[in-house]
Enquirer: 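Handing you this structure, nothing more for now.
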Amino acid sequence: MQTTMDVVPPKTVHTDFPVIDTDPHFFRVLRYARPSDYAVGVGTAAAGPILFLAMEKAHPSFLPRAAMTQSLRLVAAIGVTAGFLRYYKRSSLRFWGWAENEREVEMDMKEMVQKVKNKEPLYGVSMLDAHMQGVAARNSRYSQTFFHVLPWFNFVHHNQRGL
């Protein structure tokens, strides 16, 4: 039995493009990413080490080789993390209708029609009860807007899409 606590409607955000899903599943965001998202992510990931080496060339720190290697590894790890989060957020913006998403709308329509034909649940099977699905939806909806503080992804299949 669902109560009003279990289904809290999401805030309606008016967008220029159609909203596909306000809380897309992690793997769905990855599947719908465009090549331009990959390019931006790779560029962001590469920018850290490139700028680090350029600054070292311009103003040498005269650190031992081992310290430079460790520093470069850290900068590379931070760059890869930042690149992935930027790639993920760009893909998420199209799900929310905050960026042009004609390609994603077509992909979503094909995916949903195929699931209906196969008599599968539209958004996957969840092992959580309705209350916990609601909690998961409220915790991860639009969470990518706060990526700079806390990376939070939706790994839960639930039916509270907030369309």
Enquirer: Measuring centre to centre across the rings, with the benzene-like ring taken for any Trp, is Phe153 within less than 6.0 Å of Phe147?
Expert: yes

Enquirer: Does atom CZ (Arg31) have a neighbourhood of more than 12 heavy atoms from anything else shown, all under 6.0 Å?
Expert: yes

Enquirer: Can you tell me how far NE2 of His25 sits from CG of Leu30, rounded to the nearest 0.5 angstrom?
Expert: 10.0 Å

Enquirer: If hydrophobic clusters are built by linking Ile, Leu, Val, Met, Phe, Trp and Tyr wherever their side-chain heavy atoms come under 4.5 Å apart, do Phe84 and Val149 end up in the same one?
Expert: no

Enquirer: Side chains of Phe52 and Met68, heavy atoms from C-beta outward: is any pair under 4.5 Å?
Expert: yes

Enquirer: Could you give the distance from CD (Gln133) to CG (Leu128), rounded to the nearest 0.5 Å?
Expert: 6.0 Å

Enquirer: Can you name the nearest heavy-atom pair linking His158 to Ala137, along with the distance?
Expert: CE1-CB, 3.5 Å

Enquirer: For residues Pro49 and Ala76, report the shortest heavy-atom separation together with the two atoms involved.
Expert: CG-CA, 3.8 Å

Enquirer: Which value, rounded to the nearest 0.5 Å, describes the distance between Trp96 atom CH2 and Thr145 atom OG1?
Expert: 5.5 Å

Enquirer: So, the side chain of Asp23 versus the backbone of Asn154: is there a donor-acceptor pair under 3.5 Å, distance only?
Expert: no

Enquirer: With the 4.5 Å side-chain cut-off for hydrophobic clustering, are Leu53 and Leu63 part of the same group?
Expert: yes

Enquirer: For Tyr32 and Glu111: C-alpha separation, side-chain torsions, deciding distance, then whether side chain to side chain donor-acceptor pair (under 3.5 Å) applies.
Expert: CA-CA 11 Å; Tyr32 280 52; Glu111 181 180 352; 2.3 Å; yes

Enquirer: When rounded to the nearest 0.5 angstrom, what is the spacing between OG in Ser140 and CZ in Phe155?
Expert: 10.0 Å

Enquirer: Got a salt bridge between Asp21 and Arg28, using NZ or NE/NH1/NH2 to carboxylate O under 4.0 Å?
Expert: yes

Enquirer: More than 12 foreign heavy atoms under 6.0 Å from CE of Met112: is that the case here?
Expert: yes

Enquirer: For residues Phe26 and Tyr87: do they belong to one hydrophobic cluster (side chain heavy atoms under 4.5 Å, members Ile, Leu, Val, Met, Phe, Trp, Tyr)?
Expert: yes

Enquirer: Please examine the side chains of Ile78 and Val80, heavy atoms only from C-beta on, and report whether any two atoms are closer than 4.5 Å.
Expert: no

Enquirer: Around His148, counting heavy atoms of other residues, nucleotides and ligands shown, do more than 12 lie under 6.0 Å from its NE2?
Expert: yes

Enquirer: State, yes or no, whether a side-chain contact exists between Phe95 and Asn101 at a heavy-atom distance under 4.5 Å.
Expert: no

Enquirer: Going by side chain to side chain contact (heavy atoms under 4.5 Å, CB included), name the residues that satisfy it together with Glu120, two or more places apart in sequence or in a different chain.
Expert: Lys115, Asn118

Enquirer: Measuring from atom CE of Met132 to atom CG of Asn139, what distance do you get when rounded to the nearest 0.5 angstrom?
Expert: 8.5 Å

Enquirer: For Val156 and Ala136, work out which heavy atoms get closest and say how close.
Expert: CG2-CB, 3.8 Å

Enquirer: Using side-chain heavy atoms (C-beta onward) and a distance below 4.5 Å, is Met107 in contact with Arg103?
Expert: yes

Enquirer: Do the side chain of Gln144 and the main chain of Lys89 share a donor and acceptor less than 3.5 angstrom apart?
Expert: no

Enquirer: Does any N or O in the side chain of His157 come within less than 3.5 Å of the main-chain N or O of Val125, such that one atom is a donor and the other an acceptor?
Expert: no

Enquirer: Give a yes or no on whether the backbone of Val29 and the side-chain of Ser91 come within a donor-acceptor separation of less than 3.5 Å.
Expert: yes

Enquirer: Less than 4.5 Å apart, side chain to side chain, heavy atoms only: is that true for Ser36 and Arg90?
Expert: yes

Enquirer: Taking side chain to side chain contact (heavy atoms under 4.5 Å, CB included) as the test, write out the residues that go with Glu102, two or more places apart.
Expert: Glu100, Glu106

Enquirer: With rounding to the nearest 0.5 angstrom, report the CG to CD distance, Leu93 to Glu104.
Expert: 11.0 Å

Enquirer: So Tyr142 and Val13, do their side chains get closer than 4.5 Å, heavy atoms only?
Expert: yes

Enquirer: In the single-linkage hydrophobic clustering (I, L, V, M, F, W, Y; side-chain heavy atoms under 4.5 Å), do Leu85 and Val42 co-cluster?
Expert: no

Enquirer: Is it the case that one hydrophobic cluster holds both Val113 and Ile20, taking links as side-chain heavy atoms less than 4.5 Å apart, direct or via other members?
Expert: no

